[in-house]
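Taking it in order: structure first as structure tokens, then the write-up.
Note that this is a predicted model, so its numbers are computed, not measured.
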Amino acid sequence: MAKVRVAIVGVGNCASSLIQGLHYYRSKNPKDAIGVMHWNIGPYSVTDIDIAVAFDIDARKVGKDVAEAIYQLPNCTTVFEPNVAPTGVKVRMGNILDGYSEHMANYDEKRTFKPADLPQPTKEEVVRILKETRAEVMVNYLPVGSQKATEFYAECCLEAGLGFVNCIPVFIGSNPAWAARFEEKGLPVVGDDIKSQVGATIVHRVLTDLFAKRGVALNRAYQLNTGGNTDFLNMLNRSRLLSKKISKTQAVQSVTAETLDDENIHIGPSDYVPWQKDNKLCFLRMEGRLFGDVPMNIELRLSVEDSPNSAGVAIDMIRCCKLGLDRGIGGSLEGPSSYFCKHPAIQHPDDICHELTESFIAADGSGPVPIKALILAAGLGSRLRELGNSKPLTELEGVPLIERIIASAKDAGVGEFVVVVGYMGDAVTAFMDDLASRLGVSIKCVVNDAWNKGNGRSVLAAKHLLGGAPFHLMMADHIFEPAILRMLREQPLADGHVRLAVDSNLKNPLVDLDDVTKTQLRGHHIIDIGKAIPNYNAFDTGFFYCSPSLFKAIERSIRDHGDDSLSGGMRELARQGAAEALDIGSLEWIDIDDPKAFGHSKKMVKAATA
């Protein structure tokens, strides 16, 4: 029987609920088990998790069997499984660093931490213990604000070869530098900041998404939370709350139709009420305007036992992390992180998060969820008409341009394509149906009836087919080296960002200066883009890696400036600091926009196949 060997960091209420659950469900069967999202994830059932090692700093827990330690003060969560069998694993002294806030010493011992007066382990000692205990996945349950302590244990995971499940709002999986280090080692991360089964964040997100999908303008919102466990006591030190507020706020802002100004949204822990113990109360209010600009509001009170609510998600995070480990997938796991966490590397609406996670679980292990690409093929291509009636179907060395583009993208790992057609759309669609069969890829076509307007409208025409997943965007008349697309997605996208491949070789002989879109860069950020901008230091190659924020940016550009071009959307993102640039270096590309460029492209193809 396959097992997952877990290292627990922080044997608090959340760990207590998780470990109680591992024993509680042993007497259940899949048909009547309540509170479980997935009985099986790959070969691992809910009872196939073993505790290999556990670390804590509380004197009442260190040295005790995990089965005994989970019931010790200051833990105060509901005991739904009072008879957890001894595990044979004793809680070890952890490294405190910033995991203990000094204000906690001012409270009754039954409600606060009681640090043990014992030697703290070094990184080398923790790594040795992780290896000796054959731990495979580490679960981080440290208190909010434990930046240094979380980074300490993340370093230990990297050195010992463990996957990392990050349940707290210290950014590891969503930090590009940390994610890259885990990816380089082939170690998966599921994080950051666990999103409970039916907690304040998921409820707020679902209602916010409902407003957007039902055409209701959201004007203001607050989410106030109170509780009586050590998590809420710890958060009375407001200096530890910065990442928590960022995590919870961005989780909601990412699904708003229009981003709310800071003064119109307040989300975060509000106060510590000791008698609530592990019960968390959420008070939520949303104000908006519906049909006829008529105001409305929702007020909601949610009461949940905080730690079991969390454990129902952690049990799936652990098993998805182990699947990633089994499959050799390193870095942040996009689907599970977005579905299970408040602050993933890439935010998606929850229906897309669910779809990505189910696809990840159902995959055969050959790799992650297929990468999508949007190809704009709707235009007339008037300057190339002498070579063919349809620009995408114009043959280059016997192969239609769009076939070359899709074949190159497939070589770069793209498996699903959305092609926007317009002029001669029926002919292009018929060709796509045949091409999908020949190349073994998925190709869906969508018609842009406004194909003779700005190309931003072609992007918007495909919005419903791309959902919330990140995607490549490219043109149907650009020949390129597949390495350009691979480079674009090497690093996770920051929330709400779009990354454009640029060419800083301003003397590139293949570029038509009168027609090329130009970019002005400051470091790796685009500060201006357009064909007529006076100052520029790189060319737009036409290859993008996009988050769904691109759709909102184009819509804003049309609404506020009457600009329906893709560049207009990128200027909106640039104003927000969300337009990234990636220099392609010596990699080759060409925009085939006229007979002269077509001649250059023939030479490129011949050289590449020589």
May I ask you to decide if the ring planes of [X] and [Y] are parallel, tilted or perpendicular, using 30° and 60° as cut-offs?
X	Y	result
His354	Tyr339	perpendicular
Phe182	Trp178	tilted
Phe471	Phe551	parallel

Less than 4.0 angstrom from a charged side-chain N to a carboxylate O is my criterion; do [X] and [Y] meet it?
X	Y	answer
Lys195	Asp350	yes
Glu287	Arg285	yes
Arg559	Glu572	no
Asp192	Lys342	no
Asp351	Lys213	yes
Asp58	Lys61	no
Asp293	Arg289	yes

**OP:** Drop me the distance from Asn229's CG to Cys14's SG, to the nearest 0.5 angstrom.
**Re:**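 Nearest 0.5 Å value for the CG-SG distance: 7.5 Å.
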Subject >> salt bridge (Lys or Arg N to Asp or Glu O under 4.0 Å) against Glu490, all qualifying residues, sequence neighbours excluded >> reply: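 Per chain and number, Glu490 pairs via salt bridge (Lys or Arg N to Asp or Glu O under 4.0 Å) with no residue.
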Original post:
Any chance the side chains of Ser547 and His497 put a donor and an acceptor closer than 3.5 Å?
Top reply: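 No - no donor-acceptor pair under 3.5 Å links their side chains.
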